[in-house]
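Residue numbers start from 1 in every chain, and the chains themselves are labelled A, B, ... in the order their sequence lines are given, proteins ahead of strands.
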Number of protein chains: 2
Amino acid sequence: MALEHAILVSLAERATTGYDLARRFNSSIGYFWTATHQQIYKVLRRMEDDGWVRSTAVAQDGRPDKRVYEVTALGREQLHSWLAEPGDPETTRSELAVKIRGAAFGDPRTVAAEVRRHRALHAQRLEDYHKMAQRDFPEPAALRGQQLHQWLVLRGGIRLEEGLLDWYDEVAAALDPTITGPETS
Amino acid sequence: MALEHAILVSLAERATTGYDLARRFNSSIGYFWTATHQQIYKVLRRMEDDGWVRSTAVAQDGRPDKRVYEVTALGREQLHSWLAEPGDPETTRSELAVKIRGAAFGDPRTVAAEVRRHRALHAQRLEDYHKMAQRDFPEPAALRGQQLHQWLVLRGGIRLEEGLLDWYDEVAAALDPTITGPETS
DNA sequence: TTCCGCATGTAACCAGTTACATGATTAC
DNA sequence: GTAATCATGTAACTGGTTACATGCGGAA
């Protein structure tokens, strides 16, 4: 499992609550890893039992009490050694690709429309990434350390989305030649 | 779930055994969907209970008996309507991206080495895809129907791998400037 | 004689999703 | 008055992985 380690990375960057971790997994770190709050709370408790993190209850007024998590020395050790472990190569799982492959068993033009719909969603996501890049890393050449690493991952997200858009355009054009060119969404 | 539908697509292309389906999920269809034989047998049984597929026992000599599955009329209907359903956009999950983001909490150069290792694996995969493309689709412009759709998905796999290689090169260079340029593997 | 390919499965487990629940504060 | 934000959880379930099991035939 890698959610533990994704949490370790996120908490090592900054100690915070489970709630906030869940938000981070929907934005910054989320382009390459997602998790729901339920899953995060579950894993955090296990990590605390194992001594990888430690939590402090913080009372607040007007707002519910919260539990702030931070990485322990043992957690840092775990993270360090995990980073040196070799992992399996990525395997992608794309439902849309299955639909494209099966297009002949339905209506290829309907599948093309679905591809264009996904294209629009990913174009939006790409735009969001560009905005993040501009806002958080205006001068990429000057980056070092953690900032650089964060930027590299964001770059990966941008590349991935760009690649998808190109592919979707190619597929949509091939599946439905009556519509020409990519939309400008 | 989409494994059911991935199996429907594969079986609709050609009726076969669970064993052979498992092999297909490690090659052709496998660049965008993977499944173990255990999972496939489990799902096939459920699909048969639901009437999506039907199986025939075939005795063989020298080899164990086998059970050949084919898609029923109901299965084709299911496949047809699933192809028209809208799905969620893809979410990628990349353990390596988490490692890159966390590089500062370990040794960045060790992470760079891991990135280069993945680069080599994906370069190999890309080469395999190119060979498949050349062998199975020597004349892409002439493709129509199922063949065209299969080719489009293979194209997606090729694009994806190419994009990864570029990204890995960028990351490896940034994490470990002492080594210059991508390897020629 | 040892390993690989064909062929099918069971059992235990782990990771992740979906649905539901609570409750105060702030902004529209 | 209605919805969103902060904050944490339980319970049931689904999808997928890992380990183990069986057994024949052919090739090295």
Side-chain angles (χ1 to χ4, degrees), chain A residues 1-8 11 15-27 29-30 32-50 53 55-69 87-95 98, chain B residues 1-8 11 15-27 29-30 32-50 52-53 55-69 82 87-95 98:
Chain A
M1 210 219 321
L3 177 57
E4 263 103 332
H5 298 100
I7 288 177
L8 280 180
L11 281 184
T16 190
T17 63
Y19 182 86
D20 185 54
L21 275 174
R23 276 200 312 138
R24 290 192 203 168
F25 276 87
N26 279 330
S27 55
I29 232 177
F32 280 125
W33 208 274
T34 51
T36 59
H37 68 101
Q38 293 94 329
Q39 181 70 4
I40 287 169
Y41 286 123
K42 209 192 291 182
V43 171
L44 274 175
R45 225 171 319 139
R46 183 170 63 225
M47 289 169 77
E48 190 160 28
D49 288 347
D50 294 345
V53 297
S55 71
T56 333
V58 177
Q60 300 184 114
D61 54 63
R63 221 144 278 195
D65 293 359
K66 64 182 179 180
R67 188 159 278 280
V68 174
Y69 287 88
D88 291 331
E90 320 292 344
T91 51
T92 316
R93 227 158 228 202
S94 167
E95 198 174 287
V98 176
Chain B
M1 206 207 341
L3 177 56
E4 264 104 332
H5 298 101
I7 288 177
L8 280 181
L11 281 184
T16 190
T17 64
Y19 182 88
D20 185 54
L21 275 174
R23 276 200 311 138
R24 289 191 203 170
F25 275 87
N26 279 331
S27 55
I29 231 177
F32 281 124
W33 208 274
T34 51
T36 58
H37 69 101
Q38 293 93 328
Q39 182 70 3
I40 287 168
Y41 286 124
K42 209 192 292 183
V43 171
L44 275 174
R45 225 172 319 139
R46 185 170 61 225
M47 289 169 77
E48 189 161 29
D49 288 345
D50 294 344
W52 295 17
V53 298
S55 71
T56 332
V58 177
Q60 300 183 114
D61 55 64
R63 220 145 280 197
D65 292 1
K66 64 181 178 182
R67 188 159 280 278
V68 174
Y69 287 88
W82 175 74
D88 291 330
E90 321 292 346
T91 51
T92 317
R93 229 160 227 202
S94 166
E95 197 172 289
V98 176

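With ring centers used as reference points, B:H5 lies 6.0 Å or more from B:W33.
Considering only side-chain N and O atoms, B:Y19 lies under 4.0 angstrom from the phosphate OP1 or OP2 of C:dC6. The phosphate of C:dT10 (OP1 or OP2) has a side-chain N or O of B:R45 nearer than 4.0 angstrom. Residue A:Y41 places no side-chain N or O under 4.0 Å from the OP1 or OP2 atom of D:dG9.
Nearest nucleotide to the A:H37 side chain, out of D:dT8, D:dT17, D:dC6: D:dT8.
Using a 4.0 Å heavy-atom cutoff across all strands shown, A:Q60 reaches sugar-phosphate atoms only and no base atom. If you check every strand for non-hydrogen atoms under 4.0 Å, B:D65 touches sugar and phosphate atoms only.
Comparing A:D20 and B:P64 along DNA chain D, the residue whose closest nucleotide (by nearest heavy atom) sits nearer the 5' end is A:D20.
Computed from coordinates, the A:R63 CZ to D:dA4 C1' distance equals 12 Å when rounded to whole Å. The NE2-C1' distance, from B:H5 to D:dG15, rounds to 14 Å in whole Å. Atom pair B:L44:CG and C:dA7:P shows a separation of 14 Å (rounding to whole Å applied).
If one axis is set at each end of the helix from C:dT1-D:dA28 to C:dC28-D:dG1 from five pairs, those axes are 40° apart, to 10°.
Checked against B:E4 for a salt bridge (charged side-chain N to carboxylate O under 4.0 Å, His left out), the options B:K42, B:R45, B:R46 give a single hit: B:R46.
Taking a cutoff of 4.0 Å between a charged side-chain nitrogen and a carboxylate oxygen, A:R24 and A:D20 qualify as a salt bridge. Ion pairing between a basic and an acidic side chain is recognised when a charged N comes within 4.0 Å of a carboxylate O; B:E90 and A:R93 show no such pairing.
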